[in-house]
Structures are given as structure tokens and as C-alpha cells.
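Take a look at the structure below.
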Amino acid sequence: MSLPEEHVERIWRVVASIPRGRVESYGSIARRAGLPRRARLVGQALRQAPEALGLPWHRVVNAAGRISFPEGSRMHSLQRRLLEEEGVRFRGRAVAREHRDAPPDLDELLWGPPSRPAR
DNA sequence: AGGATGACAGTGT
DNA sequence: AACACTGCCATCC
């Protein structure tokens, strides 16, 4: 089986939509691309992304908020530098919470999205 | 053909 | 917080 070009492009689009100064996890990106539970595909799609696209690949971190390249590797330091350059701060090895995707709160889980029309 | 390998994640301890 | 284990799936020997 190969990774359908269609999937790859949806992933690229989602990554392109991550605003400056914020980060998003592989899993979250996969979900938003309509590929739930397939976080690994995000990494693969990113790996084969042409440089010319100018994707903000550095805004993609793992679920723990940490950079997935090995510590001390070139890619790791590059990613960290790019993030810090756009104002992202770290707490230890993880991106500070203020830059991560907002966790769904209990109210929303129980009551559903606020956009639902009131009776 | 089949096992190892990842730019991962969820759950359990 | 750090492991260990399992699910995941395209790629690469």
C-alpha cells in the first residue's frame, strides 16, 4: 500500500494552517486531515514535502509537546531555533502550554460544541 | 515475504 | 515523570 497523494496533500494543507507562534501535534494534525489514529503518516508526509512549499514544519511537535528529532541532532536544534525565533517558549524540553492546542474541556464534552443552536 | 524502522499516540504502572 | 506495551502503517532492507 502506498500513501495516497490525496492524503499527503490534506496533511500539507493542515500543517500550512498552523499559525505562527503556535504548535500542533502529529496526532491532532492527522485528525484534522481526516486520518484519525494515523499520526505516523504526518511524519511521512512531512518528510517528503518539497522545501519549495515553505511549510511551517517546525510547528509540528509530538503529543508531549516535545520535538521528535533526537536531542543533539541538527534537525532538532534547527526546529528549536525556528520556534524560538517566532516567540515560542520552552519549559524544559517541551513547548510551553500557551502555544499548544487547547485541550477540550469538560463542558464541551458533556454539552457538545457551543455552536449548536439553542432550543 | 517478513521483519525492522520511524518526524507518533494511548493506556497502564 | 519515565518506562513498557500495544496499535498504527508506509518504507526499507
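In what follows, every chain begins at residue 1, and chains take the letters A, B, ... in the order their sequences are listed.
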Counting only N and O atoms by type, is there a donor-acceptor contact under 3.5 Å from the side chain of H99(A) to the main-chain atoms of G21(A)?
yes
On the ring face of Y26(A), is R40(A) found with NZ or CZ under 6.0 Å from the centre and within 45° of the axis?
no
Under 4.0 Å between a side-chain N/O of R38(A) and OP1 or OP2 of dC8(C), yes or no?
no
Between R93(A) (CZ) and dA2(C) (C1'), how many Å, whole number?
10 Å
Starting from C1' on dG7(C), measure out to CG on L41(A) and report it in whole angstrom.
13 Å
Nucleotide by nucleotide, 5' to 3', does protein get under 4.0 Å of the base (B), only the sugar-phosphate (S), or neither (-) in nucleotides 8-13 of chain B, counting heavy atoms?
BS----
Report the distance from atom CZ of R80(A) to atom P of dA7(B), rounded to the nearest whole Å.
20 Å
Within the 3.5 Å criterion, strictly below it, is a donor on R32(A) or S17(A) matched to an acceptor on the partner's side chain?
yes
Is it the case that the side chain of Q79(A) and the backbone of V60(A) share a donor-acceptor pair, with hydrogens and angles ignored and the cut-off at 3.5 Å?
yes
Please report the distance separating the P of dT6(C) from the corresponding atom of dA7(B), rounded so that it comes out in whole Å.
22 Å
In whole angstroms, how far is the P atom of dT11(C) from the CZ atom of R47(A)?
8 Å
Students often get this wrong, so: under 4.0 angstrom with heavy atoms, is L46(A) touching a base, only sugar-phosphate, or nothing?
base
Rounded to the Å, how far apart are W57(A) CH2 and dA7(B) P?
12 Å
So among R81(A), E86(A), R80(A), which one has a side-chain hydrogen bond (donor to acceptor under 3.5 Å, both in side chains) with H58(A)?
E86(A)
Take atom P in dC5(C) and the same atom in dA4(B), then report the distance between them in whole Å.
15 Å
Rounded off to whole Å, could you give me the CG-to-P distance for the L55(A) and dA7(B) pair?
17 Å
Please check: side-chain N/O of R66(A) versus main-chain N/O of A94(A), any donor-acceptor pairing under 3.5 Å?
no
I'd like to know if R100(A) pairs up with E24(A) as an ion pair, taking the criterion as any Lys NZ or Arg NE/NH1/NH2 lying under 4.0 Å from an Asp or Glu carboxylate oxygen.
no
In this structure, how many angstroms lie between the P atom of dC12(C) and the CG atom of L3(A), rounded?
11 Å
d(CD, E71(A); P, dA2(C)) in whole Å
11 Å
